[in-house]
Amino acid sequence: MIEDCFYDSYDTKDSLHFESKVVHGGLGCDPITGAVSFPIFQSATFRHKDFDVSTGYTYTRLKNPTREELERTMAILEGGTAGFAFSSGQAANMSVFGILRPGDHVLLSDDIYGGTYRIGEDIFKNQGCVFTYVDMADTEAVRAAIGPSTKMLFVETPTNPMMKVADIRKLSEIAKEIGALLVVDNTFLTPYFQRPISLGADIVVHSGTKYLCGHNDVIAGIVVVNTPELEAHFQLQLKSRGNGLAPFDSWLLLRGLKTLCLRMEKHNENAALVAKWLREQPKVKKVYYAGFEDHVGYAISKSQSTGFGGMISFEVDTLETAKSLLTKTNMILFAESLGGTETLITYPLTQTHESIPADIREKLGINDRFLRISIGIEKVEDIIADLAQAMEA
Ligand SMILES: *Cc1c(COP(=O)(O)O)cnc(C)c1O
């Protein structure tokens, strides 16, 4: 198919800036028709050209042109050799953990996303894998937790929801010393702000549902790798688990991606202002935001990322204030998820982190007065005004 291109846009894009690569994607236009919006190839199967000759596509579970364009785009943006698009972030993580063999030991961030925790504890533990949760911001604690069978370090940075910042370069050194893989969940910052492969990560994983899509209308997962062995693993996962992203959803993600840089800038700008405002409120006891200059991970953030993202967590004085914020906001929506254009407020205790055992939650500070906001791209004055009225309501 590609040899029939009436133009070749792929090789000429290497010199473009990130902001332009986001807009122009992998192939960008359809190489056959020139369609500026990459087509949705809504076909399960593909006609063979001749005996033993295909177009390169045979069956959508294995490979689909629209999904492939998304995968190519994500590989370019994350600086890897190949990308893979899955039906959800969870499906992507299932396939990441699919690398493990019985007896393998994994270190994970101690306030890891609840769904990732569940994959380890409820599925892979039964298959003989062992999981240890550590504060990935504390490299000494990471070293102390390593055992003879440690095969993977799985890190979120900043973490969800405590906003702890891990030093990706240092963790990569540790992983390389012991021959383990470093996996970074880059959902919170996206490649616009942070490119873990350039810092030494082996695998980048995303819930594409969040900032990559950006519009709260698709469930998707992305993996980007940089070795042929890992490429083969994830290709087998798509083929065998059948968990690839559908063509239409791939197209929605491609469409959402085009505005990634603009959206991330606005999320980042709004979040900095809301975090500062929250900190000044008497009913707010503590604000967790990676962009505060007095955040313990601030210097590391500055050394590995170019922004802090749009996520803020905070603790209020009473359960009543927490309930009021969740139920009395008007524009801000009380809903799970994050990373979309709309500001969402979440209650981690029962929504995103209900799978995490109570004692771990307690230790982290996820109590009944703890809230998380995904700052949208609305006018920041409206976000603050809504929080202010709900806090007093
Ligand atoms: C949402 C999320 C996931 C799971 O992704 P889904 O697309 O909901 O399956 C994994 N990791 C993080 C950090 C998330 O925010």
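As the structure lists them, so they are numbered: ligands from 1, and atoms in each ligand from 1.
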Exercise for the section: State whether the shortest distance between N or O atoms of T116 and N or O atoms of ligand 1 falls below 3.5 angstrom. Expected result: no
Exercise for the section: With R279 as the cation and F292 as the aromatic partner, state whether NZ or CZ is under 6.0 Å from the six-membered ring centre and within 45° of the axis. Expected result: yes
Problem - Heteroatom proximity flag, N93 to ligand 1, N/O under 3.5 Å - result: no
Handout entry: Path from V225 to L212 over hydrophobic side-chain contacts below 4.5 Å
Key = yes
Practice task
Would you check if D135 and K164 make a side-chain contact, meaning some heavy-atom pair closer than 4.5 Å?
Solution key: yes
Practice task
Among all protein heavy atoms, pick the one closest to atom 1 (C) of ligand 1 and tell me residue, atom and distance.
Solution key: K210 NZ, 1.5 Å
Exercise for the section: State if L338 counts as touching ligand 1 under the rule of any non-hydrogen atom under 4.0 Å. Expected result: yes
Handout entry: Non-hydrogen atom of A220 closer than 4.0 Å to ligand 1
Key = yes
Practice task
Answer yes or no: are there more than 12 heavy-atom neighbours, outside K323 itself, under 6.0 Å from its atom NZ?
Solution key: no
Exercise for the section: Please indicate whether any nitrogen or oxygen in E156 is less than 3.5 Å from any nitrogen or oxygen in ligand 1. Expected result: no
Handout entry: Heavy-atom closest contact (G376 atom, N270 atom, distance)
Key = O-ND2, 3.1 Å
Completion exercise
shortest atom 7 (O) of ligand 1-to-protein heavy-atom contact is with T209 OG1, 2.6 Å
Exercise for the section: Output yes when the distance from some N or O of ligand 1 to some N or O of G208 is under 3.5 Å, and no in every other case. Expected result: no
Practice task
Before signing off on this row, confirm whether Q90 and ligand 1 have an N or O atom pair separated by under 3.5 Å.
Solution key: yes
Handout entry: Lys/Arg cation over aromatic F86: R67, 6.0 Å, 45° cone
Key = no
Problem - Centroid-centroid under 6.0 Å between H267 and Y211 rings - result: yes
